[in-house]
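Input: a single structure, listed below in structure tokens.
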Protein chains: 2
Amino acid sequence: MKTRTKDYYVAQAAVIKAMGHPTRLLILNSLKKKETCVCELRDLVGDDISTISKHLLVLRKAGLVASRREGNWLHYRLTCPCVLDFTGCIAGLKR
Amino acid sequence: MKTRTKDYYVAQAAVIKAMGHPTRLLILNSLKKKETCVCELRDLVGDDISTISKHLLVLRKAGLVASRREGNWLHYRLTCPCVLDFTGCIAGLKR
DNA sequence: CAAGTATTTGGCTATTCGGTAAAATAGCCA
DNA sequence: TGGCTATTTTACCGAATAGCCAAATACTTG
């Protein structure tokens, strides 16, 4: 594989990989509806808060979410809602 | 997370996860253009053929590709070309 | 500054993943 | 059948990932 091509797919795969986890998909779908703080996400997901925080780090590194501080709370939001558009296509796959 | 909801996201994440690897993205994009045999994919990717075969297994399990035998050759094809439609959105992410 | 709340980070363990080489399988043809 | 080609499967190893707990950090309020 050419270096140029490889770099392109490596970058793209990094984002897709970040989306490829049930908890992170739930988080993304939740953020699609509205900006949400970490503690709300913990209640929604049910995992330890440090686990949630680590998932958010993965999503942040991928550029999928961003945060805004308001006092003690960090409000996360989806940077690019279109990333969830193709889930309909995936749902249609027979497996 | 509710069991029902969880199962849904687990299934969806499985497909996305299968897409989240540079080599597999290259394969999918190649198959988008035309049906291709494993040896052609090996030449394209440059990895060991058993590695390619494993990647194809991952894609098959996810339901993203299917194969058709013609003599010694197995021709792989994309089952649902729309799965690559959202890459444009991802490419637009600032990271 | 001290205490309290929200979130992140570090450290640990168990599990999964990616890659390679060697062996196994599947189909072709003499 | 036996040899040949294409592909998959198995076994193995090192690296990456997910989850939890405990400690650290960021900010607010008294």
Side-chain angles (χ1 to χ4, degrees), chain A residues 1 6-7 9-28 30-31 34-77, chain B residues 1 3 5-7 9-28 30-31 34-77:
Chain A
M1 201 188 324
K6 176 154 188 157
D7 288 350
Y9 285 119
V10 166
Q12 198 151 308
V15 178
I16 298 176
K17 203 168 154 189
M19 296 177 66
H21 188 285
T23 299
R24 294 198 288 267
L25 275 182
L26 175 61
I27 289 174
L28 290 174
S30 171
L31 296 183
K34 65 170 183 55
E35 226 190 34
T36 309
C37 75
V38 183
C39 51
E40 271 184 276
L41 292 171
R42 179 206 48 213
D43 294 344
L44 180 68
V45 175
D47 285 349
D48 190 277
I49 191 138
S50 67
T51 302
I52 308 289
S53 181
K54 282 186 181 172
H55 282 309
L56 286 168
L57 174 62
V58 172
L59 293 173
R60 241 187 300 131
K61 278 209 224 169
L64 289 162
V65 304
S67 62
R68 174 181 68 84
R69 183 175 280 278
E70 195 170 351
N72 279 334
W73 295 269
L74 281 173
H75 297 271
Y76 276 86
R77 68 176 176 282
Chain B
M1 200 189 321
T3 310
T5 313
K6 175 151 188 159
D7 289 350
Y9 284 119
V10 166
Q12 198 151 307
V15 178
I16 298 176
K17 204 167 154 191
M19 295 178 67
H21 187 285
T23 300
R24 295 197 288 267
L25 275 181
L26 175 61
I27 290 174
L28 290 174
S30 172
L31 295 183
K34 65 170 182 54
E35 225 191 35
T36 309
C37 75
V38 183
C39 52
E40 271 184 275
L41 292 170
R42 179 206 48 212
D43 295 343
L44 180 69
V45 176
D47 284 350
D48 191 278
I49 191 138
S50 67
T51 302
I52 308 289
S53 182
K54 271 193 181 180
H55 283 308
L56 287 168
L57 174 64
V58 172
L59 294 172
R60 240 186 301 131
K61 278 210 225 169
L64 289 162
V65 303
S67 62
R68 173 180 68 83
R69 182 176 281 277
E70 195 171 346
N72 279 333
W73 294 269
L74 280 172
H75 297 271
Y76 275 86
R77 67 176 177 281

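First the proteins, then the strands, lettered A, B, ... as listed; each starts at 1.
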Which side-chain N or O atoms in residues 51-58 of chain B pair as donor and acceptor under 3.5 Å with protein atoms at least two apart or in another chain?
| from | atom 1 | to | atom 2 | distance (Å) |
| --- | --- | --- | --- | --- |
| His55(B) | ND1 | Arg24(B) | NH1 | 3.0 |

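- Axis angle across the helix from dC1(C)-dG30(D) to dA30(C)-dT1(D), with five pairs used at each end and values rounded to 10°: 20°.
- Between Leu26(B) and Leu41(B), the closest side-chain pair of non-hydrogen atoms is not below 4.5 Å.
- Annotation: salt bridge (charged side-chain N to carboxylate O under 4.0 Å, His left out) contacts involving residues 64-74 of chain B, sequence neighbours excluded, comprise Glu35(B)-Arg68(B), Arg68(B)-Glu70(B).
- Of all nucleotides listed (dT8(C), dT7(D), dG18(C)), dG18(C) comes nearest to the side chain of Arg24(B).
- One interatomic measurement links the two molecules: CH2 of Trp73(A) to C1' of dA26(D), which rounds to 13 Å at whole-angstrom precision.
- Comparing Val58(B) and Ser53(A) by the nucleotide of DNA chain C that holds the closest heavy atom to each, the one mapping nearer the 5' end is Ser53(A).
- Applying the 4.0 Å criterion to OP1 and OP2 of dA6(C), one finds that Tyr76(A) has every side-chain N and O outside that range.
- The separation between Asp43(A) atom CG and dA6(C) atom P is 10 Å, rounded to whole Å.
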**OP:** Mark up nucleotides 19-30 of chain C, 5' to 3', with B wherever a protein heavy atom is under 4.0 angstrom from a base atom, S wherever such an atom reaches only the sugar-phosphate, and - elsewhere.
**Re:** BBBB----BS--
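- Counting heavy atoms from C-beta on, the side chains of Leu44(B) and Ile27(B) never come closer than 4.5 Å.
- One atom, NZ of Lys17(B), and another, P of dT16(C), lie 9 Å apart when rounded to the nearest Å.
- Taking OH of Tyr76(A) as the reference point, atom CG of Leu31(A) lies at 10.0 Å (rounded to 0.5 Å).
- From Ile16(A), atom CD1 reaches atom CG of Leu25(B) across 4.5 Å, with rounding to the nearest 0.5 Å.
- No contact: Arg42(B) has no heavy atom under 4.0 Å from any strand.
- With sequence neighbours excluded, the residues satisfying side-chain contact (heavy atoms from CB on, under 4.5 Å) with Ser50(B) are Asp48(B).
- What separates CG of Leu57(B) from P of dT9(D) is a distance of 6 Å, to the nearest Å.
- Ile49(A) places its CD1 atom 15 Å from the C1' atom of dA23(D), with the value rounded to the nearest Å.
- Atom CD of Glu40(A) is separated from atom P of dA6(C) by 12 Å (rounded to the nearest Å).
- Listed for the Thr36(A) side chain is a donor-acceptor partner under 3.5 Å among the backbone atoms of Lys34(A).
- Counting to the nearest Å, the P atom of dT16(C) and the NZ atom of Lys61(B) are 11 Å from each other.
- To the nearest 0.5 Å, the span separating NE2 on His75(A) from OG on Ser67(A) amounts to 10.0 Å.
- Look at CG on Leu74(A): it is 12 Å from C1' on dT5(C), rounded to the nearest Å.
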